[in-house]
Amino acid sequence: MLEQRYRWKNKHLRQHVSILDGKTAPTILLKNARYLNQILRKWVNANIWIYGDRIVYVGDKLPEKTDGCQVVDCSEYVLVPGYIEPHAHPFQLYNPHSLASYASQFGTTTLINDNMMLALQLNKKEAFSFLREMRNIPSTMYWWCRFDPQTELQNEEYLFSHSNVKAWLEHDAVLQGGELTGWPKLLDGDDMMLHWMQETKRMRKQIEGHFPGASEKTLAKLMLLGADCDHEAMTGKEVYDRLLQGYTVSLRYSSIRPDLPKLLDEIHELGIEHYDQFFFTTDGSSSTFSESGITDEMIRIAIEKGVPVIDAYNMGTINIAKYYNIQYLHGNIATGRVANINFLKDEKDPTPVSVLAKGKWVKLDGEDQNMYEEIAWDEFGLEPLEIDWELSMDDMQFSMPFGIKMENSVLTKPYSVAIDVSNNDLDYSHDECFFMLVDRNGKWRVNTVLKGFATKLDGLASSFSNTGDIIVIGKNKEDMLNAFLRMKEIGGGIVISEQGEVVLEVQLKLKGLMSHKKVEDLIEDEKKLLAYLKDKGYQFADPIYTLLFFSSTHLPYIRVTQRGIYDVMNKTVLFPTIMR
C-alpha cells in the first residue's frame, strides 16, 4: 500500500486543539473577515484563527489567549481560498521555484506540476531530493507522473522503465498520472501504459488526458481505459462532448491556446450553466503571457463572461481540490485546512492585495515579502550545462530533399526544398533557414531546412528544447556556429548572432533549460527575444513553445527527434540521425 504521509504529527495536532482550549495562542487572528464559504455557497462573516500553517478555527468566537498573536482587522477585505493551478509546466524558461514565487503574488498558492523535465534530465535521487526541497517553500507543490516522453527517444525504455514510473507513481507528492500525450499508442495496444494507468487508479490517483480533436468514440474508449480529465477542448461542442462522457474539463487560457473567453461564450450558448465539473488552467504559458495574472486572470474573465461569482472562484479552488481528493487540505477556508488565503478589495477583483501561503505573508498590502529563499541548484543536479565537444563546418551539411514548414507556433508539415542549400548562407528574400538538432552530448545530429521561422535571422542556438538537445537555426552557417559557441560559454541558453557578433542572449543556467532569474526579470528577457525574432520575420505567437515542440510527437505532422525526422501520423522515421 502507498504510505500515507500526514502533514502534522500527533504533537502538532494536540497543540492545535489546545488553542481552542485557551492554552495556546494562535499565531494570526483574522478578525471581522467576510469570506467565501463554499459549503453554504455564500459570503459569511467570521473570525479565522491560524496557527503556523493551519487554520484551526473559523466562526464567531475569539481566542481566549492572544499573547504574541498577530491580529488583523479584515473588515475592508473579502477573503477567498488560495488559488490552485492544476496543470503547470514549470520549466518554460522559468523554473518550479521561480514560478511558484511569481504565482503567489497573484494568489495562486498551490501548483500541480509536470514532472517531464525532472524525469528526463535528473536521476531519481536528484529528482526526489528536489521534490523534498520544494516542500519547504510557502507554496504547495504537487506533481504528475508521465507515462511517455512525447517524443522519440533513443533510450526511452530506460528513462520510462517500469521501475522509474512506479517510483514516481508511488511518491506521495504525485497526484496524477499523465498527461496522456501517448494515447494513440495506448489505443494501439500498449499494455505497459495501461498497466501504469491501472496502478494509478489502484492508488486512488487521477489520470489527465491530452486528447485534441478526439472523436466521441475515442473519448469514450479513453474514459473506459481510465482517463478522468482533459484540457484540450477547443470549442464549446468539444467541452460538451467531454462532459457527456463523464470527464472533468479543464478550461484553458494559455499563450498558445487562449481559448477561455471563447469556450465560456460557447458553453453558455449550449445552455451549460452548471460549473462543478470545470476548472481553469494556464497550461504552462510563457512568462510574458502571465504578466497580467494567472488563475486570478481566468477568474476575472469568467466573471466578465457571466459566470456567477462564487462559481468562478470555485473553478480556481474547491473544484480542483475535490477532483484531486485534497479538499481536506486545500481549496477552501475552513477548520483544519492549510492557511492559504487571498485578501481581496472586491469580490469581482480576484487579484489579491495580500496573500497568506502556509500561514506566511508572501504578499502584504501589495508588496512582495520575498519569502522564497534561494536554492542551491547544484545540489539537485541542476547546474549550468557543460558541453565538452565542438560543432564545426563539417556538421553544416544540409542536402535533404525536403524540410519542415511551420504552420503556426507549434505545428510543422513537410515541404519540398527548392532552394540551393549548398552555400554557407541563405538569402533574406525567403523564409527558409538551416535547421539542426544536435545531441547535447555531441554524438549525433539531424540537419534539414526550416520554412516559416524567420527571413533575416543569421544564427540562433538554443539548449532549450523538449529533450534538452541543442537546436541551431539560421541563414548563415558562421553565425550559427558563433551562437552555439556563446551558448556553450554561458552554460546554456538562447543566443542570437548576427554578422559575427552576439546580439542577444537569454541565459539558462539550470541544465540549459531553465533560468535562475525571477519571473519578473525573465519577462523582460523574453520580451526582447520575441521583439527581436518578430523583427527578423518570426510571425507566430510564441517562439518559446516553437523551440520546445520541434521534437514533440504528440503534435502532427513532422517532428525532428533523437531518432531522426519523424512522421507522426505514420509512426515512421523518414530520415535517421547522423552519427558524428
Side-chain angles (χ1 to χ4, degrees), residues 35-38 43 53 55 77-90 96 99-113 137-142 175 229 231 248 250-254 260 264 275-276 278-285 287 289-304 307-324 326-327 329-334 337-364 366 368 371-372 519:
Y35 79 100
L36 176 57
N37 185 303
Q38 290 144 317
W43 300 95
D53 61 355
I55 299 170
Y77 304 103
V78 288
L79 276 57
V80 296
Y83 309 137
I84 304 172
E85 168 52 72
H87 192 94
H89 297 275
L99 175 62
S101 175
Y102 181 74
S104 73
Q105 298 305 297
F106 296 93
T108 298
T109 54
T110 300
L111 297 98
I112 302 168
N113 299 289
I137 67 174
S139 297
T140 303
M141 304 290 272
Y142 295 112
L175 295 186
C229 178
H231 59 283
T248 296
S250 196
L251 304 177
R252 179 167 53 186
Y253 187 62
S254 75
L260 180 62
L264 290 171
Y275 303 92
D276 288 353
F278 293 137
F279 41 76
F280 301 123
T281 181
T282 59
D283 195 14
S285 293
S287 57
F289 184 81
S290 301
E291 192 171 13
S292 59
I294 301 180
T295 305
D296 59 314
E297 181 68 7
M298 293 182 282
I299 294 171
R300 181 177 293 107
I301 290 169
I303 293 171
E304 291 171 353
V307 175
V309 170
I310 290 176
D311 284 307
Y313 282 103
N314 286 354
M315 290 158 72
T317 57
I318 192 64
N319 291 6
I320 304 167
K322 285 181 176 178
Y323 171 80
Y324 285 106
I326 54 173
Q327 69 269 29
L329 293 174
H330 304 290
N332 57 114
I333 297 174
R337 276 55 172 187
V338 179
N340 296 333
I341 301 175
N342 292 333
F343 297 71
L344 315 179
K345 280 294 187 180
D346 186 275
E347 65 186 47
K348 292 187 178 180
D349 182 4
T351 303
V353 293
S354 297
V355 179
L356 278 173
K358 293 181 182 172
K360 297 178 180 178
W361 295 104
V362 296
K363 183 179 184 180
L364 187 60
D368 187 342
M371 296 298 292
Y372 292 74
V519 172

Listing, residues 99-107 side-chain donor-acceptor contacts under 3.5 Å, not counting sequence neighbours, or none:
from: Y102; atom 1: OH; to: S290; atom 2: O; distance (Å): 2.9
from: S104; atom 1: OG; to: S101; atom 2: O; distance (Å): 2.6
from: Q105; atom 1: NE2; to: V362; atom 2: O; distance (Å): 3.0

Margin query: A side-chain contact here means heavy atoms from C-beta on lying under 4.5 Å apart; do L356 and W361 qualify?
Written below: yes
Do I84 and I112 come within less than 4.5 Å of each other through their side chains, counting heavy atoms only? yes
query = Given side chains that start at C-beta, do those of T351 and R300 come closer than 4.5 Å, heavy atoms only?
reply = yes
_Check: W43 and V80 side chains under 4.5 Å, non-hydrogen atoms_ = yes
Sequence neighbours excluded, the answer for side-chain hydrogen bond (donor to acceptor under 3.5 Å, both in side chains) partners of T282 is E85
Taken to the nearest 0.5 Å, the spacing of K348 NZ from E304 CD works out to 10.5 Å
- prompt: Under 4.5 Å between any side-chain heavy atoms of V307 and F278, yes or no?
  reply: no
(Q) Is the shortest side-chain heavy-atom distance between Y35 and N37 below 4.5 Å? (A) yes
Taken to the nearest 0.5 Å, the spacing of S250 OG from I320 CD1 works out to 7.0 Å
- Query: So, do P81 and Q38 sit near enough that their side-chain heavy atoms are less than 4.5 Å apart?
  - Reply: yes
Stepwise side chain to side chain contact (heavy atoms under 4.5 Å, CB included) check, Y83 with I299
CA-CA 10 Å; Y83 309 137; I299 294 171; 3.6 Å; yes
### Task
For K363 and N342, indicate whether the former's side chain and the latter's backbone hold a donor-acceptor pair under 3.5 Å.
no
Problem - Beyond-backbone contact of H330 with V338, side-chain heavy atoms, under 4.5 angstrom - result: yes
